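As the structure lists them, so they are numbered: ligands from 1, and atoms in each ligand from 1. Bear in mind the structure is a predicted one, so any value in this text is a computation, not a measurement.
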Amino acid sequence: MNLTAKHEPAPGILDGKALSLQIRQRIKAQIAEHIAHDGQQPGLAVVLVGGNPASKVYVRNKHQACIDTGIYSQQIQLPETTTTQQLIDRVDQLNADHSIHGILVQLPLPKHVNSQQVLERIDASKDVDGFNAMNMGRLVLRDPGIRPCTPRGVMALLHHHGIDTKGKHAVVVGASNIVGRPMAMELLLDGATVTICHRFTHDLQEHVERAEVLVSAVGICNIVDANWIPRGCVVVDVAMNRDSNGVLCGDLDAEIVKQKASWYTPVPGGVGPMTVAMLLQNTVEAAGL
Ligand code: GUN
């Protein structure tokens with residue numbers, strides 16, 4: 001036995017699959033109790049425009065999660081040729097529908113559709129994605145309304161494992177409206193010092209090397225070289241990509257991450273299931289549960 005070899009403790013796994021199951025069970029019990037006391041069943045409408053294969057899978061997963069927990073799920077499939085105005089009209093109908101408490105318009109929308117106009121039309125109290133200006137603005141102003149699902153799921157995963165980001169240097173890679181930006185705001189709200197890296201960042205390595213918490217949400221295999229992460233870093237890989245051989249991968253090489261991180265999210269089974277769990281949570285909260 002080599003007694004001089006430095007022993008590195010095994011990293012902790014941020015197991016989103018396990019935590020999301022716990023959350024889903026709790027929500028299921030909450031809904032059953034609510035309905036037993038003559039409460040109304042929470043309802044979620046998911047609008048899918050066109051036939052993007054990845055979106056179809058996501059929408060199917062969300063539908064199944066609703067069925068499993070007792071949420072009424074309305075799936076609305078519209079043709080690729082749907083106009084912005086037609087989509088807005090459909091959103092208006094759902095805003096007025098008392099059986100629907102949450103509305104989600106699956107992104108990306110076809111290029112000819114003005115996504116922002118459509119998202120803005122969703123009543124803020126039914127905007128379970130948290131993407132419209134009211135909910136995003138409230139998060140920025142430290143008074144969150146409905147919080148975007150993926151960042152909310154990441155924070156739940158960190159807090160569940162006793163990871164406090166207060167005072168820590170958190171680096172977010174990717175500045176999308178869906179994940180990067182609200183993720184940075186969640187971390188800031190938690191007390192972290194936040195750096196946001198994006199396509200114009202000059203020296204990504206320099207920032208990653210100083211991360212105590214790294215959240216990557218780009219969507220390209222190995223976009224962040226896992227050798228750059230400092231030892232003991234908490235690594236959250238939001239991405240679910242396929243490499244050139246069709247194998248699932250995140251933004252970082254998982255084998256290297258496991259050797260250096262103190263905690264890490266597996267891909268799959270890390271952030272993905274938490275996003276769905278937070279969508280259910282946002283929906284029951286929107287229904288007043
Ligand atoms: N497309 C990819 N992720 C999401 C999401 O969280 N919500 C919506 N509406 N579309 C997405």
Nearest non-hydrogen partners of [X] and [Y], listed with the distance:
| X | Y | answer |
| --- | --- | --- |
| Leu94 | Lys126 | O-NZ, 2.9 Å |
| Ala124 | Asn135 | O-ND2, 3.1 Å |
| Asp127 | Ile122 | CA-CG2, 3.7 Å |

Let me have the donor-acceptor pairs involving side chains of residues 278-289, under 3.5 Å, with sequence neighbours excluded, atom names and distances please.
from: Gln281; atom 1: OE1; to: Arg26; atom 2: NH2; distance (Å): 2.7
from: Gln281; atom 1: NE2; to: Glu285; atom 2: OE2; distance (Å): 2.9
from: Asn282; atom 1: OD1; to: Arg152; atom 2: NH1; distance (Å): 2.7
from: Asn282; atom 1: ND2; to: Val128; atom 2: O; distance (Å): 3.0
from: Asn282; atom 1: ND2; to: Arg147; atom 2: O; distance (Å): 2.9
from: Thr283; atom 1: OG1; to: Leu279; atom 2: O; distance (Å): 2.8
from: Glu285; atom 1: OE1; to: Arg152; atom 2: NH1; distance (Å): 3.3
from: Glu285; atom 1: OE2; to: Arg152; atom 2: NH2; distance (Å): 3.3

Less than 3.5 Å apart, which donor and acceptor atoms pair up between the side chains of residues 207-217 and the rest of the protein, not counting sequence neighbours?
from: Glu209; atom 1: OE2; to: Gln205; atom 2: NE2; distance (Å): 2.8
from: Glu212; atom 1: OE1; to: His169; atom 2: N; distance (Å): 2.7
from: Ser216; atom 1: OG; to: Asp251; atom 2: OD2; distance (Å): 2.8

> Hey, which residues fall under 4.0 Å of ligand 1 on heavy atoms?
Replying inline: Leu104, Val105, Gln106, Leu107, Asp129, Phe131
Review item, side-chain donor-acceptor pairs of residues 41-59, under 3.5 Å, at least two apart:
from: Gln41; atom 1: NE2; to: Gly70; atom 2: O; distance (Å): 2.9
from: Asn52; atom 1: OD1; to: Ala54; atom 2: N; distance (Å): 2.9
from: Asn52; atom 1: OD1; to: Ser55; atom 2: N; distance (Å): 3.0

